[in-house]
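Order of the sequence lines fixes the chain letters, A, B, ..., with proteins taken first and strands second; residue numbering starts at 1 for each chain. Values below: every heavy atom of this structure, side chains too, minus hydrogens, waters and symmetry copies.
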2 protein chains.
Amino acid sequence: MNMDIFEVLAEPHRRFMLDLLRIRERSVGELVKESHLSQPGVSKHLRILREAGLVKVRSAAQKNIYSICPKPLREIDAWLELYRHFWSDKLDALESFLDNEQN
Amino acid sequence: MNMDIFEVLAEPHRRFMLDLLRIRERSVGELVKESHLSQPGVSKHLRILREAGLVKVRSAAQKNIYSICPKPLREIDAWLELYRHFWSDKLDALESFLDNEQN
DNA sequence: CTCTTATATTACCATAAGGTTATATAACTG
DNA sequence: CAGTTATATAACCTTATGGTAATATAAGAG
């Protein structure tokens, strides 16, 4: 298939699955329960996420445990970077930096 | 149509057109020349970008001049924010802040 | 072993996206 | 006005995507 990362993220279910995996790793079965998709549907999306390098799998008994692999998101981030100055001037940058410091 | 912003950006031609408009506003004709699409093809994508609020039009004689409207990109940025901590710790934040200062 | 659980793959289908050609519309030009 | 330029819309087609049911595979459990 060889899907572009932007296309991969265009699918709402896939973003949702990433949002779940962002919290903690999950088995396919868990993902099926939390999505409104059939098991093959989930597996299909997981395959696309895998091929995009956004998740990795680990086997535990019969279960396949998926976890997030966020590196490829940097490509999106890099593209956005070209536009970020439109809404974030230097003051904003300082603000958000200080905000992060407080947490 | 009512397309999600992630879907809107999934199309490479549309990202390319935004990349052009990011530099400066352009007429439809100019965009046609710089893309490898027919004029209706370009108009179709422009419509989608318009409906997503990513570009705005201004008429000058028979020409329609399109310019960028980057606000909706914040939604992408906000989603990415949830993942950014994976690769950007506070040191990175300081670095990029200082980098921006130098320019 | 046999059964159950867990997941991936296959086959198939419906829909939507993206492209093009043809056409409508509208505004300059001479 | 008649003709040209600029753009949008309509109609149409092809393909890819995303969904499901059915099936294969593989690993526990008893």
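For the pair A:Glu11 CD and C:dA16 P, the computed distance is 14 Å after rounding to whole Å. In this entry the distance linking CD1 of A:Ile65 with P of C:dA8 reads 11 Å, nearest Å. Residue B:Lys44 contributes atom NZ, which lies 10 Å from atom P of C:dA17 at whole-angstrom precision. Across the protein-nucleic acid pair, B:Phe6 atom CZ and D:dT17 atom C1' stand 19 Å apart, rounded to whole Å. The CZ atom of A:Arg50 sits 12 Å away from the P atom of C:dT7 (whole-angstrom rounding). Rounded to an integer number of Å, the gap from NE2 of B:His36 to C1' of C:dG18 is 17 Å. Per the geometry, CG belonging to A:Leu46 stands 16 Å off P belonging to C:dA6, to the nearest Å. Atom-to-atom, NZ of B:Lys63 to C1' of D:dA8 comes out at 17 Å; the value is rounded to the nearest Å.
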Does the side-chain contact (heavy atoms from CB on, under 4.5 Å) test come out yes or no for A:Leu73 and A:Leu9, once each step is laid out? CA-CA 9 Å; A:Leu73 293 178; A:Leu9 295 181; 3.7 Å; yes

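Residue A:His45 places at least one side-chain N or O under 4.0 Å from the OP1 or OP2 atom of D:dG19. Look at A:Tyr66 and you'll find a side-chain N or O under 4.0 angstrom from OP1 or OP2 of C:dA8. Under 4.0 angstrom from either OP1 or OP2 of D:dT7 there lies no side-chain N or O belonging to B:Ser43. Listed pair A:Ser38 / D:dG19 fails the phosphate criterion, with no side-chain N or O lying under 4.0 Å from OP1 or OP2. When the side-chain nitrogen and oxygen atoms of B:Arg47 are compared with OP1 and OP2 of D:dT7, none of them lie within a distance under 4.0 Å.
For the pair A:Arg15 and B:Phe6, the cation sits on the ring face: its NZ or CZ lies under 6.0 Å from the ring centre, inside 45° of the axis.
Comparing C:dG18, D:dT20, C:dT7 by their nearest atom to the side chain of A:Asn64 picks out C:dT7. Nearest nucleotide to the side chain of A:Met3, out of D:dG18, C:dT7, D:dA27: D:dG18. Out of C:dA27, D:dA21, C:dA17, the shortest distance to the side chain of A:Pro40 is found at D:dA21. Each of C:dC28, D:dT17, C:dT7 was ranked by its minimum atom distance to the side chain of A:Glu7; first place goes to D:dT17. Closest approach to the B:Leu37 side chain among D:dT7, C:dT20, D:dG18 is made by C:dT20 (side chain taken as heavy atoms from C-beta onward). Side-chain proximity of B:Gln39 to D:dT17, D:dG18, D:dA8: nearest is D:dA8.
Between B:Ile48 and A:Gly29, the residue anchored nearer the 5' end of DNA chain C, judged by the nucleotide with its closest heavy atom, is A:Gly29. Nearer to the 5' terminus of DNA chain D, by closest-nucleotide assignment, is the contact made by A:Gly41 (compared with the other of A:Gly41 and A:Ala60).
When heavy atoms are screened at a 4.0 angstrom cut-off, B:Ser59 is found touching no nucleic acid atom at all.
Atom-to-atom distance recorded for A:Leu18:CG and A:Ile68:CD1 is 5.0 Å, nearest 0.5 angstrom.
Applying the 6.0 Å contact sphere to CZ of B:Arg47 captures no more than 12 heavy atoms from other residues, nucleotides or ligands.
For B:Tyr83 and B:Trp87, the gap between ring centers reaches or exceeds 6.0 Å.
One hydrophobic cluster, built from ILVMFWY side chains closer than 4.5 Å, cannot hold both A:Ile65 and A:Met17; they sit in different ones.
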